[in-house]
Amino acid sequence: MEFVVREYNVYDAPTSVLFEGDSYQMILRGDTRDDEMKGVGIFTGHISTDVLSELRGKLKQAPQDEGRFVSKSLVDKYVKRFFREGQRLCKLDAKIDVIPSRNGGLLVTIKFINSGNERIVFENPATWEGESNRILGSSNIAVLGKPASSNQSEDVYFLIDDVGGAQLANPGASDAGSFLINPGQVRSIEFVAFPDKPIKRGEYIIAANISIKRIMEPALLSGVVEFASLSSHVNFSRDYPSTPEEIKAFNAYLKAHP
């Protein structure tokens with residue numbers, strides 16, 4: 001038995017689950033719509049006879065012309081259970097940091113974390129398009145910052161969007177044609193980018209959506225992924241932009257991106 005769900009992210013990067021006896025293998029290619037399952041990976045585990053029977057009943061409700069593709073509403077609770085309880089054969093997460101950069105922009109650091117048992121290889125970040133393209137596929141990052149204080153309105157949220165190879169601050173950190181992260185390893189990539197609006201001083205919760213159109217290894221995870229990063233807290237000790245250099249660079253960015 002097998003099912004595939006395409007509703008967990010904008011790119012329709014499929015999450016698939018295969019059953020053999022009382023065992024399952026789930027390949028999660030990202031959850032950005034609900035933002036509850038962080039990262040991507042391959043999960044394995046066992047399922048009880050009762051739960052398997054219940055799941056079979058749910059799958060019988062899927063339209064016959066859909067083949068192995070099913071609606072998220074039918075299987076969502078099982079997918080999330082496999083994510084919580086499954087053994088991680090492969091797991092890639094990311095964590096974001098944002099601080100003012102010396103050149104007037106913001107330095108966006110992405111720490112990729114491999115907590116699985118296999119190495120993870122994806123395309124060189126220097127080649128990332130930096131914009132969304134659901135038709136052709138693309139690699140890009142969008143960072144959202146919201147105040148840590150719950151009494152702040154959405155007016156002070158900020159977005160750092162369309163981040164890709166053109167904003168890469170340390171191109172030498174990438175391997176020749178790819179980016180390799182060994183099991184247990186953390187590797188960072190830095191970008192210099194600009195927010196969509198000025199940022200008020202204070203503490204923010206930062207998270208990102210990350211799209212990578214070509215995972216090379218492991219083979220089971222190959223192809224496109226779109227996933228949510230782990231959340232992190234950053235503190236802006238002053239408003240941005242506030243220095244003459246920052247104001248000049250930020251205004252130039254706004255002029256070029258009306």
Side-chain angles (χ1 to χ4, degrees), residues 4-5 8-11 13-20 23-47 75-98 107-125 128 139-144 163 168 170 173-175 177-191 205-234:
V4 179
V5 189
Y8 281 110
N9 51 67
V10 174
Y11 275 74
T15 285
S16 58
V17 184
L18 175 66
F19 299 90
E20 290 188 5
S23 299
Y24 67 83
Q25 180 181 74
M26 181 174 77
I27 302 172
L28 173 73
R29 291 189 174 87
D31 170 25
T32 57
R33 292 191 183 274
D34 293 335
D35 198 21
E36 293 184 32
M37 298 181 290
K38 309 292 188 181
V40 294
I42 303 170
F43 304 80
T44 63
H46 296 280
I47 184 171
V75 298
D76 188 50
K77 76 171 186 177
Y78 305 99
V79 171
K80 289 176 179 174
R81 178 174 177 174
F82 299 156
F83 174 80
R84 291 192 308 268
E85 300 177 1
Q87 178 186 0
R88 299 177 174 186
L89 294 186
C90 165
K91 184 65 162 64
L92 175 66
D93 283 297
K95 198 165 186 180
I96 312 298
D97 191 21
V98 178
L107 185 66
V108 180
T109 301
I110 303 178
K111 294 182 178 180
F112 286 103
I113 306 160
N114 183 353
S115 60
N117 299 317
E118 299 185 41
R119 72 178 194 171
I120 297 170
V121 183
F122 50 80
E123 63 179 355
N124 190 327
W128 291 7
S139 298
N140 63 90
I141 302 159
V143 180
L144 178 66
V163 179
L168 198 64
N170 55 343
S174 298
D175 308 315
S178 60
F179 194 83
L180 165 66
I181 313 171
N182 286 310
Q185 187 179 19
V186 177
R187 291 194 65 182
S188 296
I189 306 174
E190 294 180 337
F191 301 87
I205 299 173
I206 306 291
N209 281 358
I210 301 171
S211 303
I212 303 176
K213 74 177 182 181
R214 191 182 174 205
I215 296 285
M216 302 167 184
E217 295 182 39
L220 287 174
L221 193 62
S222 64
V224 63
V225 297
E226 186 198 10
F227 61 98
S229 76
L230 302 171
S231 297
S232 58
H233 285 72
V234 299

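Keep in mind the model is a prediction, meaning the values are calculated, not measured.
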Exercise for the section: Would you give the length of the straight line joining atom CD1 of I181 to atom CZ of R119, rounded to the nearest 0.5 angstrom? Expected result: 11.5 Å
Completion exercise
Separation between CZ (F112) and CD1 (I210), nearest 0.5 Å, reads 4.5 Å
Problem - Distance in Å, I212 CD1 paired with I141 CD1, rounded so as to fall on 0.5 Å steps - result: 8.0 Å
Problem - Side chain to side chain, D97 and K111, heavy atoms closer than 4.5 Å - result: no
Practice task
Answer with yes or no after comparing the ring centroid distance for Y24 and Y78 against a 6.0 Å cut-off, counting only values under it.
Solution key: no
Problem - Minimum side-chain heavy-atom gap C90-N117 below 4.5 Å - result: no
Handout entry: E226 side chain to A13 backbone, donor-acceptor under 3.5 Å
Key = no
Completion exercise
One should read off an interatomic distance between S139 OG and I215 CD1, to the nearest 0.5 angstrom, of 8.5 Å
Exercise for the section: Assign the ring pair F82 / F19 to parallel, tilted or perpendicular, where the plane angle (0 to 90°) is split at 30° and 60°. Expected result: perpendicular
Exercise for the section: Measure the CD1-NZ distance between I113 and K91 for me, rounded to the nearest 0.5 Å. Expected result: 8.5 Å
Handout entry: Over 12 foreign heavy atoms within 6.0 Å of NZ, K95
Key = no
Practice task
Quick one: list whatever passes salt bridge (Lys or Arg N to Asp or Glu O under 4.0 Å) with D76, sequence neighbours left out.
Solution key: K80
Handout entry: Side-chain heavy atoms of E118 within contact of L221, under 4.5 Å
Key = no
Handout entry: Side chain to side chain, F179 and I189, heavy atoms closer than 4.5 Å
Key = yes
Exercise for the section: Starting from the C-alpha separation in whole Å, work towards a yes-or-no answer on side-chain contact (heavy atoms from CB on, under 4.5 Å) for L220 and Q25. Expected result: CA-CA 10 Å; L220 287 174; Q25 180 181 74; 3.8 Å; yes
Practice task
Ignoring hydrogens and angles, tell me if any N or O in the side chain of T32 forms a donor-acceptor pair with the backbone of A228 under 3.5 Å.
Solution key: no
Handout entry: Trace of the side-chain contact (heavy atoms from CB on, under 4.5 Å) decision for R88 with F43
Key = CA-CA 5 Å; R88 299 177 174 186; F43 304 80; 3.9 Å; yes
Exercise for the section: Hey, could you give me the CZ/CG distance between R33 and N209, rounded to the nearest 0.5 Å? Expected result: 10.5 Å
Practice task
Report yes if the side chains of E190 and V108 come closer than 4.5 Å at any heavy-atom pair, otherwise no.
Solution key: no
Problem - Exam field: side chain R29 to backbone P14, donor-acceptor pair closer than 3.5 Å - result: yes
Practice task
Output yes when a side-chain donor or acceptor of N114 lies under 3.5 Å from a complementary backbone atom of Q185, and no otherwise.
Solution key: no
Practice task
Please identify each residue that fulfils salt bridge (Lys or Arg N to Asp or Glu O under 4.0 Å) with R81, with sequence neighbours left out.
Solution key: E85
Handout entry: Non-hydrogen atoms of R187 and L180 that approach each other most closely
Key = NH1-O, 2.7 Å
Completion exercise
Partner of D31 under side-chain contact (heavy atoms from CB on, under 4.5 Å), picked from F227, F83, Y8, is Y8
Practice task
Could you give me the CA-CA distance, side-chain angles and deciding distance for K213 and E123, then say whether side-chain contact (heavy atoms from CB on, under 4.5 Å) is met?
Solution key: CA-CA 8 Å; K213 74 177 182 181; E123 63 179 355; 3.4 Å; yes
Handout entry: Where S229 and A94 come nearest, the two heavy atoms and their spacing
Key = CB-O, 3.3 Å
Problem - Working for side-chain contact (heavy atoms from CB on, under 4.5 Å), residues F191 and L168 - result: CA-CA 4 Å; F191 301 87; L168 198 64; 3.5 Å; yes
